[in-house]
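Chain naming here is simple, since letters A, B, ... match the order of the sequence lines and numbering starts at 1 in each. In this text the structure is predicted, and so the values were computed from the model without any measurement.
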There are 2 protein chains.
Amino acid sequence: MRELVLDILTEQKMAISLSDLEQKFHKSDRVTLYRTLKTFEEKKLIHSIDDGTGAVKYALCKESCQCHPEELHVHFLCLKCQHTFCLNDIPIPFIKLPVNFSIENINMVVKGVCSNCKD
Amino acid sequence: MRELVLDILTEQKMAISLSDLEQKFHKSDRVTLYRTLKTFEEKKLIHSIDDGTGAVKYALCKESCQCHPEELHVHFLCLKCQHTFCLNDIPIPFIKLPVNFSIENINMVVKGVCSNCKD
DNA sequence: ATTAGTTTGCAACTCAGTTGCATAAACTTT
DNA sequence: AAAGTTTATGCAACTGAGTTGCAAACTAAT
């Protein structure tokens with residue numbers, strides 16, 4: 001099961017949600033897929049993206065990724081096709097926080113229209 | 001009802017969720033509050049923040065705010081107290097998107113520990 | 001083969017968000 | 001002021017994502 005899920009994740013060009021994943025199988029159990037994604041995430045194979053659509057999406061990490069704030073990238077949600085892209089080449093810019101605020105993680109989601117959906 | 005909600009929102013130093021709001025009333029209807037927040041948001045009195053905690057939070061907009069991408073600010077979620085701050089002084093940095101990607105909105109949430117909760 | 005550990009599947013629950021419908025309140029028009 | 005219209009509120013109920021517990025199936029190790 002997990003191998004199948006990994007295969008599917010590898011094929012994906014964009015991040016996919018649990019329900020997306022579910023629909024790639026004829027017969028599957030939501031919970032199994034759910035737990036699979038959780039373990040993959042724990043093992044830092046994939047990272048999760050909360051793009052505000054209500055369903056968390058998942059995408060493969062670059063190799064040796066530790067998911068530290070410095071190595072996080074920007075995500076893009078297309079408001080037309082609802083696809084979520086990992087903009088791997090666009091790092092999240094440095095933010096100067098107020099004094100005594102420490103940083104552990106950043107989530108940055110840009111919403112707009114992707115190149116496929118424009119005009 | 002709406003006036004009461006507006007009062008509460010004005011007192012708040014941080015963004016609050018629907019359930020937070022609900023608990024400020026002895027007797028209240030979730031749906032009424034929900035719809036109140038929705039209308040406030042439509043009228044650009046408040047803005048919503050999806051900080052990834054599972055519940056959308058709301059905070060007053062600065063006057064004359066049109067909620068355009070340029071005037072958006074960074075939000076901060078404290079992982080200890082779970083409070084969500086509007087970092088009104090910290091604008092969201094400009095992001096150069098891939099060609100043919102257009103931008104409509106940005107959500108940027110920094111997670112960490114706030115000054116009250118540190119050490 | 002027996003045991004222990006892991007993975008899967010089912011049922012069921014929580015919680016946020018949402019909708020439809022009926023009543024109540026406020027505002028309009030005559 | 002009465003009748004009619006619009007707007008706001010409250011109740012019930014549903015959806016969908018995420019989650020947990022438990023038992024059955026599978027795997028590996030002695």
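Between the base of dG9(C) and the side chain of R35(A) there is a donor-acceptor pair shorter than 3.5 Å.
Residue-level contact check: R30(A) touches the bases, meaning some heavy atom is under 4.0 Å from a base atom. Across all strands shown, K38(B) has heavy atoms under 4.0 Å from sugar-phosphate atoms exclusively, and none from any base.
Atom P of nucleotide dT8(C) and atom CG of L21(A) are separated by 12 Å, given to the nearest angstrom. Rounded to whole Å, the distance from CZ on F40(A) to P on dT7(C) is 10 Å. The OH-P distance, from Y58(A) to dA17(D), rounds to 12 Å in whole Å. Protein atom CG of L4(A) is 16 Å distant from nucleotide atom C1' of dG9(C), rounded to whole Å. At whole-Å resolution of the value, CG in L18(B) and C1' in dT14(C) are 15 Å apart. A straight line from CD of E22(A) to P of dT19(D) spans 15 Å, rounded to a whole angstrom. Computed from coordinates, the D29(B) CG to dA16(C) P distance equals 15 Å when rounded to whole Å. Rounding to whole angstrom units, CE of residue M1(B) and P of dA24(C) are separated by 18 Å.
A side-chain contact (heavy atoms from CB on, under 4.5 Å) with K57(A) is found for exactly one of I46(A), L37(A), D50(A), L77(A), namely L77(A).
Contact between the side-chain N/O atoms of S19(B) and the OP1/OP2 oxygens of dA16(C) is found at a separation under 4.0 Å. Listed pair Y34(A) / dA17(D) fails the phosphate criterion, with no side-chain N or O lying under 4.0 Å from OP1 or OP2.
Between T39(A) and V31(B), it is T39(A) whose nearest contact on DNA chain C lies nearer the 5' terminus.
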(request) Begin with the C-alpha distance, continue with both residues' side-chain angles, and end with the deciding distance and a verdict on side-chain contact (heavy atoms from CB on, under 4.5 Å) for N105(B) and L72(B). (result) CA-CA 8 Å; N105(B) 202 340; L72(B) 293 172; 3.5 Å; yes
(request) Starting from the C-alpha separation in whole Å, work towards a yes-or-no answer on side chain to side chain donor-acceptor pair (under 3.5 Å) for D20(B) and S17(B). (result) CA-CA 5 Å; D20(B) 293 340; S17(B) 69; 3.1 Å; yes
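We find the CE-OG1 distance between M1(A) and T32(A) to be 7.0 Å, quoted to the nearest 0.5 Å.
Ring geometry, F85(B) versus F76(B): the interplanar angle falls from 30° to 60°, so the pair is classed tilted.
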